Amino acid sequence: MKIAFIGLGNMGGGMAANLVKAGHDVHAFDLSEEAIARAKDNGCTTHGSVPDAVQGADAIVSMLPNGKIVESVYVSDVIDGAPTTALLIDCSTIDVATARRVEEAAAAAGYTMVDAPVSGGIAAANGGTLTFMVGGSDEGFKRAEPILAAMGKAVIHAGGAGAGQAAKICNNMILGATMIATCEAFALARKLGLDPQTFYDISSKASGQSWSMTSYCPLPGVGPQSPADNEYQGGFATALMLKDLRLAAEAADVADADVKIGKYARDLYEAFDAAGNGGLDFSAIIKTV
Ligand code: NAD
């Protein structure tokens with residue numbers, strides 16, 4: 001299948017390489033020369049513009065920083081540049097309203113489009129073990145599934161247009177909030193005289209258990225290997241957690257949903273990021289509690 005891939009950064013670079021490994025003819029474009037050079041090394045055919053990359057494509061996959069860029073790339077260059085038979089798949093994490101607007105513009109121009117944001121970081125993008133949450137029609141999901149399966153371990157149909165983005169930000173709102181609650185519990189346990197490993201052994205098998213505790217424990221030397229054991233390097237950057245919590249808070253305002261804890265988590269990550277910690281893994285917020 002001829003697939004155009006737009007946005008070959010930390011995530012998109014590895015995803016495009018996995019499409020090549022699966023036997024696809026991948027045509028890549030990025031604004032960064034470095035990203036383009038890496039894509040070439042990974043077996044992609046590289047192009048100097050979006051319209052060149054999408055010509056004659058069977059599908060377009062994008063992995064871009066934000067909704068403004070996604071809208072501009074699709075509305076200015078992909079729509080009308082790609083054949084209307086091409087399936088459009090945006091894997092970026094963006095706001096639900098923009099995702100729906102771009103999908104409506106694509107549909108009006110005769111395209112099928114899905115939003116397919118991911119769970120999993122750079123290691124999962126490189127290793128082809130991402131989880132995709134897909135928003136769009138049944139037909140769009142059916143067509144997108146085999147393409148996404150080449151880059152991930154799970155592909156789930158979340159619902160209609162924008163539902164993938166909705167699932168992603170609701171999930172990450174839980175993640176941000178449970179991480180902070182887990183950090184606070186470890187801090188309180190220590191002050192109450194509990195050994196951290198003993199508290200972990202109890203809580204990881206009791207009702208306080210969560211992914212933040214048992215798969216991504218924020219304390220070094222406790223639980224499975226996690227970014228805490230590597231001085232909070234790698235993993236899921238605080239700046240990206242903040243981005244997702246802001247998207248969740250914005251979506252809650254638009255939908256008139258009361259998300260007090262989610263907004264409080266956003267405020268705490270905002271302060272942690274502003275203190276110069278945006279590049280640290282988000283579990284490093286334990287340093288502040
Ligand atoms: P990144 O900044 O490393 O990559 C984005 C790429 O898009 C860059 O190479 C940039 O040059 C390119 N780009 C920007 N504007 C462009 C344009 N107009 N045309 C073509 N290319 C353009 O970011 P990333 O970490 O790869 O994240 C990409 C998306 O994935 C984001 O929406 C992010 O929220 C989401 N995400 C990231 C992670 C993670 O752990 N990094 C995890 C889950 C989801």
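Order of listing sets the numbers, starting from 1, for every ligand and every atom in it. In this text the structure is predicted, and so the values were computed from the model without any measurement. This chain uses plain numbering: 1 for the first residue, then up along the sequence.
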(request) Number the atoms of ligand 1 from 1 as they appear, then name those within less than 4.0 Å of a heavy atom of Ile6, with their elements. (result) 20 (C)
(message) Do Met241 and Leu175 make a side-chain contact, defined as non-hydrogen atoms from C-beta onward lying under 4.5 Å apart?
(response) yes
(request) Check whether any N or O atom of Lys243, backbone or side chain, sits under 3.5 Å from an N or O atom of ligand 1, and answer yes or no. (result) yes
(request) Would you check whether Asp244 has a nitrogen or oxygen atom less than 3.5 angstrom from a nitrogen or oxygen atom of ligand 1? (result) no
(request) Mark up the atoms of ligand 1 that fall under 4.0 Å of a heavy atom belonging to Gly121, in ascending order. (result) 40 (O)
(request) Using distance alone, determine whether Val73 and ligand 1 share an N or O pair under 3.5 Å. (result) no
(request) Would you check whether Lys168 has a nitrogen or oxygen atom less than 3.5 angstrom from a nitrogen or oxygen atom of ligand 1? (result) no
(request) Mark up the atoms of ligand 1 that fall under 4.0 Å of a heavy atom belonging to Phe29, in ascending order. (result) 19 (N), 20 (C)
(request) Examine the proximity of ligand 1 to Arg38 and report which part, side chain or backbone, both or neither, has a heavy atom under 4.0 Å away. (result) neither
(request) Heavy-atom distances under 4.0 Å are what count here, so tell me which part of Leu240 touches ligand 1: side chain, backbone, both or neither. (result) side chain
(message) As an exercise, state the distance from CG of Leu188 to SG of Cys183, rounded to the nearest 0.5 Å.
(response) 13.0 Å
(request) Could you check whether the rings of Tyr269 and Phe282 sit parallel, tilted or perpendicular, using 30° and 60° as the cut-offs? (result) tilted
(message) Using heavy atoms and a 4.0 Å limit, tell me yes or no: is Gly120 in contact with ligand 1?
(response) yes
(request) Below 4.0 angstrom from a heavy atom of Ser92, which ligand 1 atoms are there? Numbered from 1 as shown, please. (result) 32 (O)
(message) So for ligand 1, is Met11 a polar contact partner (N or O within less than 3.5 Å, distance only)?
(response) yes
(message) Using a 4.0 Å heavy-atom cut-off, which part of Leu64 comes near ligand 1: side chain, backbone, both, or neither?
(response) both
